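Presented below is the structure to which this report refers.
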Amino acid sequence: MEQPRGTKQKKSCQKNVFIILGFLFILAIITIITVAIIQNKPLEKNVKYGIVLDAGSSHTNLYIYEWPAEKENDTGVVKQVDMCKVDGPGISSYYKEPEKAGLSLKKCMDEAKGVVPENRQRETPLYLGATAGMRLLSMVNPGLSDQVLSSVENNLELYPFDYQGARIITGQEEGAYGWITINYLLGKFVQDESWLSFFPGLKGSETFGALDLGGASTQITFVPENDIESPDNSLHFRLYGRSYNVYTHSFLCYGKDQALQQLFASNIKPTDTILQDPCFNVGYTRNVNVTGLYKNHCTAAYRKSLNVTNVQVIGTGNHDQCLQNVLEIFNRSQCTYSRCSFNGVFQPHLQGDFGAFSAFFFVMDFLKLADIKNPKSLEDAKETVRKFCSRPWQEVKVEFPKTKEKYLSEYCFSGTYILSLLEVGYGFNSTSWDSIRFVGKISGSDAGWTLGYMLNLTNMIPAELPPSRPLSHEGYVALMVVSSLVLVAVLLIIWLSCCKEKCLEKGII
Ligand SMILES: Nc1ncnc2c1ncn2[C@@H]1O[C@H](COP(=O)(O)OP(=O)(O)O)[C@@H](O)[C@H]1O
Ligand SMILES: [Ca+2]
């Protein structure tokens, strides 16, 4: 039977209403999803860079770091992307021709231009920090150290980076930034330990102490359990919402090169042209020009007038004798505090684990004493160094043909010096020895003061924890979409049930 014309019109009208409703419904969902995604899309990946030159006493290294701009204040986000070794000696060695100090940096600075994308170079901070070699030069001749720094500055300013200055950092800063670097890389600043307050007996994950051995100075930095008796050795940090009272000391002249200079200066006889040296392997010889030996601040205490200008050092490879000589440079007789390390310097009881880096690592790694998977006891380490010292130089040279002769010839001395500094100097014993990890890199970044220096100068370590977002971006979008869908569905159901009665009344349905 044919339907009346009015009923047909009503049905087509009803169909159109549903099509329009459906269309609007889908449009609303798409709009909600799109707006949620666009509005909350994280900023485009914006990578920032920073460059630090570590002008050490023996050589200069350039480090390039990168980090995502939007995560600047998170911990553990800065990564070392490049390291360039500057050819030649440390900048302080150019004191006779300062202009060459700046020129020596060219190769690495050019390399940096290739690593940092061009559009980021202008905003990339560039720092140079000089350590103990320049500290010594500035003590002996401040005019010359200023000239070396100006030469470096003039060259660094030629580059398109955001040059922030070249300066001599203090021993305290060197210790502090080394400590910040390793704890940042080890993730020691991240733990949210609020729950630990419910268990007063339990301690949070402790920071690592930092042991840095350079050529001219060495630093020890850690959080002690007891009070720090001397204000010069005390630092206070507030990092990511936690306070740290840190002990630090930098021993100028106790880097391994200056410690060796001290030994030469103390053992050379005024008229002898030969020095029989137990800290070098048998068969090794080296000529040492001694004219300037006592001009150095580190050897001043051993000053004597010499009748010779050159001394031939002849290795005798006697570890026990070497150890005896080395121990003589640590003065342990006077201390005005409750306890001291050496030379009358206050040091609290050693506390916690330590990361030992720079020359500590280079030497112990060479002697195969730095393998974290196969840790060696203090006694094993002593035996290894003793054995190495007793080996003839020719044999050592044949076994390690690629190792730089300067380093290779000094591993007997360096190994003996490191063990003495740690045991007799700082007071590590057979038990606490196990708390030392010899580390070169941590998560791909070199352990050293440079990263901590940059983090501090770019204000990348906040004193307080940044307020954390309760939801991740993805979680936020998902929640928005689901709630919107539920809302639309609920509205539709209400509207349909209300409308059904009205439509029935009006005869639309
Ligand atoms: N492969 C290596 N083996 C042994 N020693 C090394 C090696 N590489 C670097 N060194 C030593 O590490 C030390 C680095 O000191 P440096 O940072 O230049 O001095 P400082 O920190 O006192 O200013 C130097 O004594 C250098 O000879
Ligand atoms: Ca150094």
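Computed from a prediction, not measured in an experiment: that's the story for all the values here. What's counted below: heavy atoms across the whole structure, side chains too, no hydrogens, waters or symmetry copies. Note that ligands are numbered from 1 as they come in the structure, with each ligand's atoms numbered from 1 the same way.
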At the 4.0 Å heavy-atom cut-off, does [X] count as touching ligand 1?
X      : value
Phe366 : no
Glu410 : no
Ala216 : yes

Check your understanding: With respect to Leu62, which candidate in Met109, Lys107, Lys85, Met83 satisfies the side chain to side chain contact (heavy atoms under 4.5 Å, CB included) definition?
Key -> Met109
**Study point:** Close N or O approach (Ser57, ligand 1; < 3.5 Å)
**Key:** yes
Review point. Between Gly215 and ligand 1, is there a nitrogen or oxygen pair with a distance under 3.5 Å?
Key: yes
Revision key, fill the gap. Looking only at non-hydrogen atoms, the one of Leu408, Thr131, Asn61, Asp257 nearest atom 23 (O) of ligand 1 is Thr131
Exercise for review: Only heavy atoms count here, so choose which of Ala130, Ser58, Gly56 is nearest to atom 24 (C) of ligand 1.
Suggested key: Ser58
Report yes or no: is the SG-SG distance between [X] and [Y] under 2.5 Å?
X      : Y      : value
Cys84  : Cys108 : yes
Cys335 : Cys340 : yes
Cys412 : Cys322 : no

Review point. Do the non-hydrogen side-chain atoms of Ile329 and Ser266 ever get within less than 4.5 Å of each other?
Key: no
Exercise for review: Compare all side-chain heavy atoms of Met460 with those of Met454 and state whether any distance is below 4.5 angstrom.
Suggested key: yes
Within a distance under 4.0 Å of any heavy atom of [X], pick out the atoms of ligand 1 and give their elements.
X      : value
Tyr411 : 1 (N), 2 (C), 3 (N), 4 (C)
Ala132 : 22 (O), 23 (O)
His59  : 18 (O)
Ser217 : 22 (O)
Lys256 : 5 (N), 11 (C), 25 (O), 27 (O)
Glu174 : 21 (O)

Revision key, fill the gap. Shortest non-hydrogen pair, Val311 vs Ile274, comes out as CG1-C, 4.2 Å
Exercise for review: Give the residue and atom name of whichever protein heavy atom lies nearest to atom 27 (O) of ligand 1, and the separation in Å to one decimal.
Suggested key: Tyr407 CE2, 3.4 Å
Study note, to complete from the structure: heavy-atom search around atom 12 (O) of ligand 1 in the protein gives Ala359 CB, 3.5 Å
Check your understanding: Which is it for Cys389 and Cys279 under the disulfide (SG to SG under 2.5 Å) test, yes or no, and what are the steps along the way?
Key -> CA-CA 7 Å; Cys389 286; Cys279 294; over 6 Å; no
Check your understanding: How about Trp449 and Tyr127: are their ring centres within less than 6.0 Å of each other?
Key -> no
Review point. Is it true that a side-chain atom of Thr309 and a backbone atom of Thr291 form a donor plus acceptor pair closer than 3.5 Å?
Key: no
Review point. Taking heavy atoms and a distance under 4.0 Å, where does Lys404 meet ligand 1: side chain, backbone, both or neither?
Key: neither
